[in-house]
Amino acid sequence: MEKLKNFIGGKFVAPHSREYLENIEPATGKVYSLVPNSDAHDLERAVEAANKALPQWAATPLEQRAAILARIGDLIEQHLDTFAEAESIDTGKPITLARTIDIPRAARNFRFFAHILEGFASESYEMPETALNVTLRQPVGIAGCISPWNLPLYLFTWKIAPALAAGNCVIGKPSEITPMTAFLLGKICQKAGLPPGVLNILHGEGKTIGSAIVAHPAIPAISFTGGTRTGAEIARIAAPMFKKLSLELGGKNPFIVFADADYEQALQTAIRSAFSNQGQICLCGSRIFIERRIYNRFRKDFVEATQKLTVGDPLKPTTKVGAVISKQHFEKILSYIELAKIEGGRLLTGGHPVKLKGRCKNGWFIAPTVFDRLSPLCRTNQEEIFGPVATLMPFETEEEVLEYANSVRYGLAASVWTRDLQRALRVSRTLQSGIVWVNCWMLRDLRTPFGGMKDSGVGREGGYEALRFFTEPKNVCLKY
Ligand code: NDP
């Protein structure tokens with residue numbers, strides 16, 4: 001069985017404790033690799049390596065830094081099949097999704113930040129005949145990047161690439177349940193010529209190595225993506241240390257369809273938005289609001305389309321819905337399905353585990369599930385389930401649907417479907433959401449600010465926002 005290693009100072013090393021955690025394939029329920037159970041000793045080694053590499057990396061000409069990052073992106077792409085298979089096995093997501101979305105995007109993250117780096121400008125303000133103020137943007141030093149299991153390499157690199165581009169060294173921690181592609185990334189970095197110590201990857205549990213990274217005094221910036229509760233715990237430790245914090249947290253996103261929308265496109269996208277990656281994307285639209293006039297037709301078509309989604313072995317190219325991430329998560333999703341029934345929901349389809357034959361007979365599969373007749377204020381519609389469970393709700397007016405949409409503690413993403421431009425603008429302005437997609441979903445321009453409001457997080461990633469986060473602005477006032 002493969003034993004993964006940490007990546008420290010450009011080398012693969014065993015954890016100091018020699019202890020390993022089991023890594024289980026969600027589609028089979030079997031242990032298929034062992035993951036270092038890293039601790040504070042491993043972190044000290046990584047901090048030492050990063051500190052050693054920092055002065056030279058921060059002083060490396062932008063062109064050279066950008067070339068190395070672009071090379072990492074190219075190499076990920078060259079190894080697309082290996083990465084996609086590893087991601088699919090580790091997460092249970094359909095291999096087609098890993099091949100077309102996750103891995104290409106990870107490659108693009110590196111290329112994108114390599115590309116925009118040289119255009120990253122800072123402000124200057126002149127006080128006429130008195131002085132010129134120039135703001136320097138200097139690397140923060142060592143950045144701690146902690147990422148979740150749902151889009152492992154995609155989200156890990158979304159943090160690492162801008163941190164490195166801005167001249168920082170990084171200590172990264174992927175989710176311990178999906179470590180494989182981060183492990184492979186270390187090999188790519190070696191090949192691409194990233195100097196030793198610039199990127200260090202520590203595997204292990206959030207409560208040990210994750211919180212040790214957050215609490216380490218030599219790491220002044222923490223970029224975290226994960227659950228809201230973990231985000232609050234991280235803020236509790238990091239805020240009194242005055243660390244820079246970027247928190248990308250949970251969501252419970254509304255998908256709003258007005259009667260004048262392009263019906264077919266809205267329907268197909270609603271399906272994709274509810275069930276992609278088994279509903280385990282922070283941007284998934286799990287609360288689907290449909291204008292009353294088209295409600296019955298939409299409900300019927302939505303349920304029929306849901307029933308056509310093939311649940312199967314993630315490694316088969318025909319599979320649309322794979323396994324959910326873990327036994328614990330599988331049980332959590334099923335408990336929410338029971339809750340929805342108790343809350344008076346009408347089960348329209350799904351609502352049960354799926355037993356597959358052969359290799360996947362012990363995997364954690366759940367049939368895509370649809371409810372209606374639930375109040376927008378019930379727990380099923382207020383709490384993040386993060387699984388293949390969607391609810392359908394009718395609405396009469398714009399005011400009513402905005403009230404429903406904004407009724408949750410989260411504010412990450414929303415999707416609005418209408419042909420009325422004025423309404424699209426009005427609704428977009430009123431939605432409490434960091435991202436609004438009009439007549440689309442998950443259409444990403446990497447230059448745009450990405451992140452949530454309310455309990456969905458603090459700060460924005462993407463484009464120059466990310467480069468700003470990973471740099472310290474210093475104003476230099478030059479007197480004439
Ligand atoms: P978690 O919050 O459980 O974990 C995220 C990462 O943090 C993991 O690497 C985890 O390690 C680590 N971690 C856990 N506890 C601590 C701690 N005390 N200190 C430091 N690190 C810690 O989230 P999940 O992995 O379960 O991911 C799902 C969540 O992520 C959902 O709520 C989802 O909405 C959110 N998410 C948000 C996105 C956004 O952009 N806003 C995008 C994608 C997901 P370990 O795995 O060992 O526990």
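Worth saying up front: this structure is predicted, and the values here are computed from it rather than measured.
- Put simply, the side chain of His329 does not reach to within 4.5 Å of the side chain of Gln278, judged on heavy atoms.
- Side-chain polar atoms of Asn23 and Asp90 form a donor-acceptor pair below 3.5 angstrom.
- Checked by atom type and distance alone, the side chain of Ser124 never pairs as donor or acceptor with a backbone atom of Val134 at under 3.5 Å.
- The closest donor-acceptor contact from the side chain of Asn277 to the backbone of Asn150 lies under 3.5 Å.
- Counting only N and O atoms by type, the side chains of Thr391 and Asn381 include a donor and acceptor under 3.5 Å apart.
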Going through the distances and angles, do Thr269 and Asn439 end up as a side chain to side chain contact (heavy atoms under 4.5 Å, CB included)? CA-CA 9 Å; Thr269 312; Asn439 298 328; over 6 Å; no
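- Between the side chains of Glu123 and Thr135, no donor-acceptor pair of N or O atoms lies under 3.5 Å.
- With Thr319 contributing its side chain and Val321 its backbone, the two residues share no donor-acceptor pair below 3.5 Å.
- Environment of CD in Glu48: sparse, with no more than 12 heavy atoms of neighbouring residues, nucleotides or ligands closer than 6.0 Å.
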Asp455 vs Leu249, test: side chain to side chain contact (heavy atoms under 4.5 Å, CB included). Steps then yes/no. CA-CA 7 Å; Asp455 285 8; Leu249 310 176; over 6 Å; no
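- Taking the six-membered ring where tryptophan is involved, the planes of Phe7 and Phe12 are tilted, since the angle between them lies from 30° to 60°.
- For the pair Thr157 (side chain) and Tyr154 (backbone), a donor-acceptor distance under 3.5 Å is present.
- Ring-plane geometry between Trp149 and Phe386 is classed as perpendicular, the angle between the planes exceeding 60 degrees on a 0 to 90 degree scale with a lower cut at 30.
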Would you please test Cys189 and Leu185 for side chain to side chain contact (heavy atoms under 4.5 Å, CB included) and show each step? CA-CA 6 Å; Cys189 290; Leu185 179 66; 4.2 Å; yes
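- Side-chain contact check for Phe469 versus Arg460: every heavy-atom pair is 4.5 Å or farther apart.
- Counting only distance, with no hydrogens or angles, the side chain of Trp57 and the backbone of Pro195 share no donor-acceptor pair below 3.5 Å.
- Rounding to the nearest 0.5 angstrom, the gap separating the CD atom in Glu176 from the CG atom in Leu202 is 13.5 Å.
- Leu412 is listed as a side-chain neighbour of Cys282, based on a closest heavy-atom distance under 4.5 Å.
- Between the Thr369 side chain and the Ala367 main chain, a donor and an acceptor come within less than 3.5 Å of each other.
- Atoms CZ and OG1, from Arg359 and Thr28 in turn, are 6.0 Å apart once rounded to the nearest 0.5 Å.
- Residue-environment remark: CZ (Arg45) stays at or below the threshold of 12 foreign heavy atoms within 6.0 Å.
- In this structure a side-chain-to-backbone donor-acceptor pair under 3.5 Å is missing from Ser88 to Ala84.
- The 12-atom threshold is not exceeded at CD of Glu22, counting heavy atoms of other residues, nucleotides or ligands nearer than 6.0 Å.
- Counting only heavy atoms from C-beta outward, the side chains of His216 and Glu44 approach each other to under 4.5 Å.
- Counting heavy atoms from C-beta outward, Asn253 and Trp441 have side chains that stay 4.5 Å or more apart.
- Between Arg236 and Glu233 there is a salt bridge, since at least one side-chain N of the basic residue sits less than 4.0 Å from a carboxylate O of the acidic one.
- Pro174 has its side chain out of reach of Pro152: every pair of non-hydrogen atoms, C-beta onward, lies at least 4.5 Å apart.
- Within a 6.0 Å radius of CZ in Arg447, other residues, nucleotides and ligands contribute 12 heavy atoms or fewer.
- Other residues, nucleotides and ligands contribute at most 12 non-hydrogen atoms within 6.0 Å of the CD atom of Gln56.
- In this structure, OG on Ser223 lies 11.0 Å from CG on Asn168, to the nearest 0.5 angstrom.
- In this structure, OG on Ser456 lies 7.0 Å from OH on Tyr410, to the nearest 0.5 angstrom.
- Using modelled atom types and a 3.5 Å distance limit, the side chains of Lys159 and Thr225 yield a donor-acceptor pair.
- Asn6 and Ser38 share a donor-acceptor pair across their side chains, judged by distance under 3.5 Å alone.
- The environment of Lys332 atom NZ is dense: over 12 non-hydrogen atoms of other residues, nucleotides or ligands sit within 6.0 angstrom.
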Passes side chain to side chain contact (heavy atoms under 4.5 Å, CB included), Lys187 versus His79? Steps please. CA-CA 11 Å; Lys187 299 187 181 186; His79 294 84; over 6 Å; no
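- Judged by the 6.0 Å distance and 45° axis criteria, Lys320 is not positioned over the aromatic ring of Phe275.
- Between Trp158 and Phe450, the ring planes lie perpendicular to each other; the angle is over 60°, past the 30° to 60° tilted range.
- For Lys454, the NZ atom counts as densely surrounded, since its 6.0 Å shell holds more than 12 non-hydrogen atoms of other residues, nucleotides or ligands.
- If you take CG on Leu153 and CD1 on Ile103, they are separated by 5.0 Å, rounding to the nearest 0.5 Å.
- Using modelled atom types, one side-chain atom of Tyr464 and one backbone atom of Gly119 make a donor-acceptor pair closer than 3.5 Å.
- The closest donor-acceptor contact from the side chain of Lys341 to the backbone of Leu347 lies at 3.5 Å or more, if one exists at all.
- In this structure a side-chain-to-backbone donor-acceptor pair under 3.5 Å is missing from Arg99 to Pro94.
- Side-chain atoms of Glu2 and Leu34, non-hydrogen and from C-beta on, never get closer than 4.5 Å to each other.
- Distance check: Ser147 OG to Glu248 CD gives 12.5 Å after rounding to the nearest 0.5 Å.
- Taking every heavy atom of both residues into account, Pro15 and Tyr20 meet most closely at CD-OH, 3.2 Å.
- Taking the side chain as every heavy atom from C-beta outward, Glu465 and Thr448 never approach each other to under 4.5 Å.
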